Structures are given as C-alpha cells and as structure tokens.
Colleague: 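Dumping the structure here so I can ask a few things about it.
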Amino acid sequence: MSIVKEIKPLIAAVLKDHYGFSTGETDLTINTTKPEFEGDYTLVLFSYVKQLKKSPEQLGNEIGDALIKAHPQLFVAYNVIKGFLNLTISDDYWRQFLKTNYNNQQFGFGQSKNQKVMVEYSSPNTNKPLHLGHLRNIFLGWSIAEILNRSGYETVKSCVVNDRGIHICKSMIAWQLFANGATPESTATKGDHFVGEYYVKFNDAYKQQVDELVAKGMEKAIAEKEAPIMKATQQMLLDWEKGDKDVLALWNKMNGWVYDGFGITYKRIGADFQKMYYESNTYLLGKQFVEAGLKEGVFFKKEDGSVWIDLTADGLDEKLVLRKDGTSVYITQDLGLADQKYDEFKYDQSIYVIADEQNYHMKVLKLILQKLNKPYAEGIFHLSYGMVELPNGRMKSREGTVVDADDMITEMVNVARTKTEELGKVKDFTTDELKELYDTLALGALKFFLLRVDPKKRMIFNPEESIDFHGFTGPFIQYTHARIKSVLRKAGDVSVNANIIETSEPILKLEKELIVLLEQYPVMLDQAIAEHNPSVIAIYVFNLAKSFNTFYTEHSVLNAETETKKQFRLMLSSLTAHVIASGMSLLGIKVPERM
RNA sequence: GGUCCGGUAGCUCAGUUGAAUAGAGCAACUGCCUUCUAAGCAGUAGGUCAUUGGUUUGAAUCCAAUCCGGAUCACCA
C-alpha cells in the first residue's frame, strides 16, 4: 500500500477523535512537500479551519502532535507553515520500503483483477503505408494494453483492417492501368509502399481527368462523378461485392503485398495483436440489430425504407443505421463487430484507440448499444487521441505531406548512429550490438516523443527538426539507465546485505527525493489506467531519471562515506534502474545496459 | 448555426478532483569532466496562465460571457 493511502486514515482518525469531525479520506488533500520546505508529505489545512474554528497554526500543531504521539514509528517530525502541515516520515519507513523492494521484480505490478479488456488499435487501411499518425495510435494502444496487463487485467489486443471499399479499388485500378505487371519484388519496393504509390497515381490521373472535363465545359461536381477512372473504380467495387473472380484475385494479391509491408513495420516497432478482424468479413454485420432495434422501438423506419435512431433527446442528431437500399452503414457494422467481439471474448471493457475526429461516431455507438440494453455497452471506452499535425496543418496523403512511418524510423536510426559515433563510448560493440543499440535508441526517442503528450491533445511535429536526444526524451532516460548499470557492474556481484541498512545514518535530501519518487510508482500506474493515459508514466519516469542524475552528481555510490551508505545507495540505484526499465517497458521502450 | 475539444515562457509541453513564490525540456547565456558514463549536473534570463466578470480564506484550475484555433453534425469510411 502506498504511503499516502496509509497516512490518510490516520489523519482522518485524528480529526474524528480530537474534534469529532468526520471526513472522507478522499477529501483530505495530501501533496508531496515542496523541496524548499522541511518534510515529505503535506496536509492542506484550510478546509478545516472554518468548521473547527481554529487557526491553521493551532490546528496544524495539534494534528502534528497527535500523529507523532499515535504513530511514532511512522511520523518523526512536523512543521506548520501558513495553512500547511508538513510531515516527515521516519527514515525507517523508507529503509523498510527499499529493503522490501530493491530486488523485487514484481514491484509496481498489480494483483489479478479478473477482468478482461479488449484494446483495438492501429486499424489501418490497406491502400497506403503507415504514417506518423498511425504510430501515435499504435504506440498508445500497445502501451495502454501493456499497462493494464501489468496491473492485473487480462488483455486482448485486436486490430480491424480496413481492407475493402472504394479506396482499395482506387489502388487496384491504378495498378491495372499503370503497372504493366510490376510487383514489389520486381521493383524492390516494400509492399505497402508499392500499393501506396498506385493510390497516389490514381489521384493524379483522376485529377487530370476532372480538369480535362472541366476544360471542356463540364461543371466540376459532375466532372468528379463522370471521370472515367472514377467510374471504373465504382464498377470495380460493385464487381468485388458480387464476388467477381478476377477482381477478388487482384484484391487478394495487392492486400497480400500490403500485409507483408505492414508485418515488417509492426515487427520492427513491436506491435502485436491476438485477434485480427477484416472489414471484408465484418462489413455485413449488424443487420440483426436493425431488426431488434425496430422491434423494441429504439429505431424507426422512414417512408423510403431507411432506418434511423433519434438521439435528439441525448443532445445528438438523428442517425442513419440502414440505407434505404437495405445496406449497412459504418455504424451498423460497428454495432455488429462490438457484438461479435463480446461473443468471442466476453470482455469487461473494450477500448477503442481511434482519433478524435470520430468522437461523435463513438459516442453514438455506445449510446445505441446502451439503448439496446447490451450488457457490454458500459464497458466501451473510446480512447480518443488528437491528430499529429505538421507546423502548417494536417498531414494530407493526397498532397504528399504525410510523414511516412518507415522513413521516420530510418531517420531516427541515422540520428542515433551519428550521435553514438560522435560520443564514441561503445567502440568495442560488435556490428550486431551497434545495430541493436541504434534501434533501441531510435525507437525509444520516437515512442517517447509520441507518448509523453496527453493523448487527448493534438500534437505538432516539425519534420525540419529531428527528435531530440537530450532533455525530456527517451534517450535521456535510457542513458540514465545505462549509467546506473555501469555503476552496478563496477560494484561487482555485491550481494547486498539488507540488514546493514537497519542501523544506517540519516537519509539525505537527494536520496529521500529519489526514494519518495520510487515509492509512488504503483500510484502512477493506477493513475495512468484511470486516465487511460500513458503520458503519466512517461512524465513520471523522466522525473525519476532526472532525480537520479541530480543525486548521482552530488553523491558517490561506490565511494560513499561509509560502507552502510554504499549498500544503501546500491540498493537505491538498483531499484531506480528497475523502475526505469519497468516504466519504459510499459511504453514499449527498451533500455540498454550500455550506450 | 448546434455539439465537443483546446488556448500556460520564443518553441514543444506538464500542472486543470481549487492550495505555498505557476513547472520541465528545447533554444539563449554562465559555470562544472585527473575518481561511479558530461546523451549529464548546477545556475541566469524568459509568464497580463486568450480576454472580461463572478464564486471562494484561496482560481491556470470552478461558473458565465466574449475572442481565437480545431474536430464533428453525410443514405462517406
């Protein structure tokens, strides 16, 4: 149990015993004490001053006295400044914490929650390669699943591949028209990039045809429908739906190329899925909901035969759930897929990692399922994230302003190589070791960059400036880890005598700062889960690394003042390295032994 | 137009269940490598927390209005 959770009921008890004042533990405001004051944790007193008719100073002194008297093993000192009661926790408590956990590989992990959570993420289209926006999605989804997993939830990572529709047909038509049978192999191109090129070719040709028609005097809106290449694409979609053999063969072939390409990228960045869904299999789902919904009066039918739900009472609009020709729309298949997932996995929670442009859609999805009284409706959570934008606005694939995921990784690897060579610290590494280190640093920098920001906020990426390796970055934290490991290696295989710290001298300020932070790790995990927000972990691990570096510069571990100090600091360093490695692994980031 | 999200240092972001003098990183400037990794540390400078009003002992945080930016409201996906 965390120290704050431990303290709260003790304070509540004092308030009750001395003043007959009942307060919920959540009403107590306890913060870490600011470094300029004496103490570890601080109780804010203002809220009780009025009700108890005492001055903050008097109140603080009385509570402080009572706490020390009742729990001398826990509280050793206090001071009151203005309305703040600063409490000092005994060194014994911190030593005990360190002793219990310095070698505990499970530190921070939660007990089994007996709950299953599905996390759907990535969900790419098969007509173009992954870009920076996908990376944010993938890193977020993977990370939140990992955080849940380590905290005791059973997780199932899933992916819906958007493998059908007009956009896929565009690449297919363009390939038929312009490829002359070229393949990824024949052109030595990664499959997803290869197909993406034909998607671009389609758009170029389409634009040209529209311009020609407009030049001949046709109205633009009509020209956009009449362009021959567009008509051919629409015909192809119809043929696909009819199951035309040749079209299906081409579709399978081109999607296969894309999957090969995605596979390479997924493997490199560490993305994985336990369950794949393909839209070509799910796009007809959900029609049974329409029947049921009509019967229950949740949906209604218009004269033209289309089916709707009226959500105006919930502050939304009327939403179409079935076209007049009886075909499904997007929301219909999402209803069906939610149901299918539940059938298969009986999830307690289902998290959808989808960009915030679909906030409305996801709100409607959950609302409809609630109105249909689906047992799993409450467990649906949209992990909405902001778009990654360029300094001059959104990335547009048609305008060629997307930052390609593979290119981005390659560039980061180059930066990692350059910086490593400049510093020349790992000249004895083999080629393989160097390759691994560059990958570790490159992906560490990239993942940290995308995960350190609150998912809800849209973020700006400037391709002109490569991602930094100093300061609030992945490599800074990786460096700190390598540094600690270096010290631990030099210390040798010291089997730390945990008893030796029982009589140790006072814990110094910078040691205390570090140990207090370490103790908060499990609380951070809880917070990250409560907020569905991996940036909580990223910020925490950064602060931990920073705190270690300050300590490290000021105090020597191996040449500590006394042998007990040395033991204490080795344990402290060891736990710090472990929490850094553990926290970073929750973000999907590896930490090197040396760099 | 309706709904939702955002506006904090030159830049990128924390802080938003109200609490001490609003914090980091980058960029700028100044120091620190003969002892554990300087991808580091210490320091200087940089703020009308979009604006106005309100609630409160106390507001970047809550409420209202306004300004600015974005998303969304398709028989598109």
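Throughout, a chain's letter reflects where its sequence line sits, starting with A, and its residues are numbered from 1. No experiment lies behind these values; they were computed from the predicted model shown.
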Colleague: Rounded to whole Å, how long is the line connecting atom CD of Glu554(A) with atom C1' of rC36(B)?
Modeller: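 The distance from CD of Glu554(A) to C1' of rC36(B) comes to 15 Å, rounded to the nearest Å.
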Colleague: Between rC26(B), rA77(B), rU37(B), spot the one nearest the side chain of His361(A), thanks.
Modeller: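 So the nucleotide nearest the side chain must be rA77(B).
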Colleague: What residue among Asn86(A), Leu85(A), Val516(A), Thr88(A) forms side chain to side chain contact (heavy atoms under 4.5 Å, CB included) with Tyr41(A)?
Modeller: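 The passing option is Val516(A).
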Colleague: By the 4.0 Å heavy-atom rule, please label Thr42(A) as base, sugar-phosphate, or nothing.
Modeller: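 Base, at least one base heavy atom under 4.0 Å.
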Colleague: Hey, are Lys565(A) and Glu511(A) close enough for a salt bridge, meaning a charged N less than 4.0 Å from a carboxylate O?
Modeller: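 A salt bridge is present here (some side-chain N lies under 4.0 Å from a carboxylate O).
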Colleague: Can you check nucleotides 2-10 of chain B for protein contacts, nitrogen or oxygen pairs under 3.5 Å, and list what you find?
Modeller:
| from | atom 1 | to | atom 2 | distance (Å) |
| --- | --- | --- | --- | --- |
| rG7(B) | OP1 | Lys457(A) | NZ | 3.4 |

Colleague: By the 4.0 Å heavy-atom rule, please label Arg594(A) as base, sugar-phosphate, or nothing.
Modeller: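 Touches a base.
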Colleague: Just say parallel, tilted or perpendicular for the rings of Tyr521(A) and Tyr540(A), cut-offs at 30° and 60°.
Modeller: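 Rings of Tyr521(A) and Tyr540(A): parallel, as their planes differ by under 30°.
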Colleague: Which nucleotide in the list rA14(B), rA20(B), rU37(B) gets nearest to the side chain of Val487(A)?
Modeller: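 Nearest to the side-chain atoms of Val487(A), counting from C-beta on, is rU37(B).
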Colleague: Taking only the side-chain heavy atoms of Val453(A) (C-beta and beyond), determine which of rA20(B), rC13(B), rG40(B) contains the nearest atom.
Modeller: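 So the nucleotide nearest the side chain must be rC13(B).
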Colleague: Would you please say whether a donor-acceptor pair under 3.5 Å links the side chains of Asn549(A) and Thr480(A)?
Modeller: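 Yes, Thr480(A) and Asn549(A) have a side-chain donor paired with an acceptor closer than 3.5 Å.
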Colleague: Using a heavy-atom cut-off of under 4.0 Å over every strand shown, decide if Met459(A) touches base, sugar-phosphate, or nothing.
Modeller: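 The answer is sugar-phosphate, as Met459(A) gets under 4.0 Å only of primed atoms, P, OP1 or OP2.
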Colleague: Indicate syn or anti for rC67(B), taking the glycosidic torsion and treating anything within 90° of 0 as syn.
Modeller: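 Base orientation relative to the sugar is anti.
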Colleague: Rounded off to whole Å, could you give me the CD-to-C1' distance for the Gln358(A) and rC73(B) pair?
Modeller: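 Going from CD in Gln358(A) over to C1' in rC73(B) covers 14 Å.
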Colleague: Is any NZ, NE, NH1 or NH2 atom of the basic residue among Glu561(A) and Arg569(A) found under 4.0 Å from an Asp or Glu carboxylate oxygen of the other?
Modeller: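 Judged by the 4.0 Å cut-off on N to carboxylate O distance, Glu561(A) and Arg569(A) do form a salt bridge.
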Colleague: How would RNA chain B look in dot-bracket form, 5' to 3', counting Watson-Crick and G-U wobble pairs with both distances under 3.5 Å and writing | for bases paired to another strand?
Modeller: ((((((((.[[[[.)...(...]]]].(((((.......))))).....[[[[[..)....]]]]])))))))....
Colleague: Do Thr553(A) side-chain and rA42(B) base share a donor-acceptor contact under 3.5 Å?
Modeller: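 Result: no qualifying N/O pair found.
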Colleague: Side chain of Arg483(A) only, heavy atoms from C-beta on: which candidate in rU35(B), rG40(B), rC36(B) is closest?
Modeller: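 Taking heavy atoms from C-beta onward, the closest nucleotide is rG40(B).
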Colleague: Check every atom of rA20(B), rG25(B), rC36(B) against the side chain of Lys546(A) and return the nucleotide holding the closest atom.
Modeller: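 Among rA20(B), rG25(B), rC36(B), the one nearest the side chain of Lys546(A) is rG25(B).
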Colleague: Find the distance Tyr277(A):OH to rA77(B):C1' and express it as a whole number of Å.
Modeller: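 Going from Tyr277(A) (OH) to rA77(B) (C1'), I get 20 Å.
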